[in-house]
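This report refers to the structure that appears directly beneath it.
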There are 2 protein chains.
Amino acid sequence: MVDEPSSPGTVRPGGRTARVRAAVLRAAEDALVEHGFAGLDLGDLAQRAEVGRTTVYRRWGSTTALLADLLSDMAEQSLPRTRSGSLAEDLRANARLVRRTLADPRQGALFRAVLVAANGDPGTAEALRHFYRRRVGEWAPCVTEAVERGELPPDTDPFEVIRAVSAPLYYRMLTTAEPLDEAAADRAAAAAEAAARAGAYRRAAG
Amino acid sequence: MVDEPSSPGTVRPGGRTARVRAAVLRAAEDALVEHGFAGLDLGDLAQRAEVGRTTVYRRWGSTTALLADLLSDMAEQSLPRTRSGSLAEDLRANARLVRRTLADPRQGALFRAVLVAANGDPGTAEALRHFYRRRVGEWAPCVTEAVERGELPPDTDPFEVIRAVSAPLYYRMLTTAEPLDEAAADRAAAAAEAAARAGAYRRAAG
DNA sequence: CCCCTAATGGGACTCTGGTTCCGTTAGGAT
DNA sequence: ATCCTAACGGAACCAGAGTCCCATTAGGGG
């Protein structure tokens with residue numbers, strides 16, 4: 001019976017292995033901010049992290065795989081949503097959080113890179129979808145509660161409402177040069193709320 | 001006085017030069033559909049187009065530059081908007097057009113690729129912004145007309161409304177695995193309309 | 001504290017994307 | 001039809017990303 005060769009880093013995940021991983025992921029973030037995804041080079045990362053080039057290639061193999069790792073790391077530490085008791089307030093808080101994330105040099109660069117890498121690499125795409133399911137699911141309850149309070153039609157799809165808040169911000173970031181300011185965030189939240197109240201996100205028929 | 005060396009293809013744009021350009025752009029589209037942007041290789045394109053490898057490198061130099069060229073080519077032939085006289089109808093027509101474009105294997109692949117390439121390459125980013133300004137500007141009048149008919153608040157920003165129609169479709173394409181069906185398009189149009197009626201896209205204060 | 005072996009890291013090697021050189025082909029002006 | 005030269009294209013060349021081999025280091029179970 002032949003033993004499965006088991007990928008490196010799985011048998012002894014602690015100690016040096018953990019330090020190497022942390023150093024490389026950190027270096028990857030730095031490099032992303034500086035050069036973006038296109039300029040990401042595993043050899044360069046090894047130098048920054050003061051780690052052997054061979055190690056980086058062996059552990060991750062490709063820039064997209066490394067990004068997927070980085071993203072799943074980030075998915076762990078998603079901060080809990082705020083709770084204000086008002087739908088308008090909750091959606092605005094969400095919109096501002098998204099805006100702040102995208103506008104932040106470090107996080108914004110990471111998000112752009114992941115969106116980029118998810119095209120063409122199924123593994124990264126799956127990691128990305130997982131991340132958004134989690135993020136959206138975290139905020140969906142504020143819509144459900146609004147429905148229970150009778151503020152929204154009973155068959156409103158909570159996920160769609162939350163996505164509707166983020167969508168304009170991503171679209172603006174990708175297709176225009178205009179800055180992602182707080183006004184844009186508030187507008188996105190207000191629009192989503194108005195559309196939801198009008199029943200645009202009801203499950204059966206719009 | 002030293003002559004500017006003028007980039008190739010500018011002095012004799014017709015005849016063979018035009019044929020080469022057409023063949024390469026065509027080959028690029030094919031390759032995009034097959035392998036996506038990540039798998040785009042200028043050497044491979046040269047073979048497909050039955051053109052010298054040197055020529056491709058000399059004329060475009062990089063995959064991103066080639067995409068920018070491809071996009072500006074496409075910007076020319078943007079079809080005129082339909083006119084129905086009803087805001088709801090116009091927005092839905094727009095949403096369906098966008099959806100059809102993104103869902104089309106050929107055009108969809110191209111759009112994803114351009115969005116990807118625009119990160120990190122300023123030239124491509126500029127071409128992309130130009131394209132969207134044009135596209136959005138093409139459809140903005142249907143909002144202006146609705147304002148004139150008194151259907152929407154007078155200080156509604158037409159561009160924001162049109163962008164609001166596209167945004168959810170792009171967001172869905174990028175972050176989920178769910179298909180871009182016609183229902184999603186209609187929902188996007190309905191949501192934008194409802195938000196606009198509620199005054200979410202007024203210029204001064206939401 | 002020792003031992004076994006997972007994991008790292010240096011360095012040689014390969015393979016391929018991209019450049020350079022220079023001869024050939026063909027636009028288009030006269 | 002002729003000529004000048006813009007543009008093309010084959011082939012040799014170069015650099016750097018990714019792989020392989022093997023010696024060295026250090027987890028962590030006993």
Side-chain angles (χ1 to χ4, degrees), chain A residues 2-28 31-32 34-69 113 117 120-121 123, chain B residues 2-28 31-32 34-69 113 117 120-121 123:
Chain A
V2 182
D3 289 318
E4 272 298 325
S6 86
S7 65
T10 54
V11 178
R12 290 178 185 171
R16 178 169 58 166
T17 297
R19 282 198 302 279
V20 165
R21 185 175 121 104
V24 172
L25 292 188
R26 178 66 188 279
L32 276 180
E34 287 177 38
H35 312 298
F37 177 70
L40 209 55
D41 169 44
L42 294 189
D44 171 55
L45 289 188
Q47 276 198 312
R48 286 170 183 259
E50 292 179 304
V51 151
R53 209 161 47 106
T54 313
T55 301
V56 177
Y57 279 106
R58 186 167 36 216
R59 285 278 291 278
W60 290 279
S62 72
T63 55
T64 57
L66 197 151
L67 271 195
D69 195 11
D121 185 61
Chain B
V2 182
D3 289 318
E4 272 299 324
S6 86
S7 64
T10 53
V11 179
R12 290 179 185 170
R16 179 167 59 165
T17 298
R19 281 198 302 279
V20 165
R21 185 175 121 105
V24 172
L25 292 188
R26 177 66 188 278
L32 275 180
E34 287 177 38
H35 311 300
F37 176 69
L40 209 55
D41 169 43
L42 294 189
D44 171 54
L45 289 188
Q47 275 198 312
R48 286 170 182 260
E50 293 180 304
V51 151
R53 208 159 53 103
T54 313
T55 302
V56 178
Y57 280 105
R58 186 169 33 218
R59 285 278 291 276
W60 290 279
S62 72
T63 54
T64 57
L66 197 151
L67 271 194
D69 195 11
D121 185 63

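Per chain, numbering begins at 1; letters A, B, ... match sequence-line order.
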Checklist entry - Within a strict 4.5 Å, meaning less than it, do heavy atoms of the A:Val20 and A:Arg16 side chains meet? => result yes

Item to check | Side-chain touch A:Leu45/A:Thr63, heavy atoms, less than 4.5 angstrom | outcome: no

Next on the checklist: For a quick check of understanding: with a heavy-atom distance under 4.0 Å over all strands, which category does A:Arg21 fall into, base, sugar-phosphate or nothing?
Outcome noted: nothing

Checklist outcome for this item: Rounded to whole Å, NE2 of B:His35 lies from P of C:dG17 at a distance of 12 Å

Checklist entry - Less than 4.0 Å between a side-chain N and a carboxylate O, is that true for B:Arg59 and B:Asp69? => result no

Checklist entry - Whole-Å distance between D:dA6 C1' and B:Arg16 CZ? => result 8 Å

Next on the checklist: At less than 4.0 Å, is any side-chain N or O atom of B:Arg19 found next to OP1 or OP2 of C:dG27? Yes or no.
Outcome noted: yes

Item to check | Side chain proximity check, A:Phe37 to A:Leu40, heavy atoms < 4.5 angstrom | outcome: yes

Item to check | CG-CZ distance between A:Leu42 and A:Arg58, expressed to the nearest 0.5 angstrom | outcome: 13.5 Å

Checklist entry - Rounded to the nearest 0.5 Å, what separation is found between the CZ atom of B:Arg21 and the OG1 atom of B:Thr55? => result 15.0 Å

Next on the checklist: I need the CG-C1' distance between B:Leu42 and D:dG9, as an integer number of Å.
Outcome noted: 16 Å

Checklist entry - C:dG9 C1' sits how many Å from A:Leu45 CG, rounded? => result 16 Å

Checklist outcome for this item: Residues in residues 50-66 of chain B with a heavy atom under 4.0 Å of DNA chain C, by number, are B:Arg53, B:Thr54, B:Tyr57

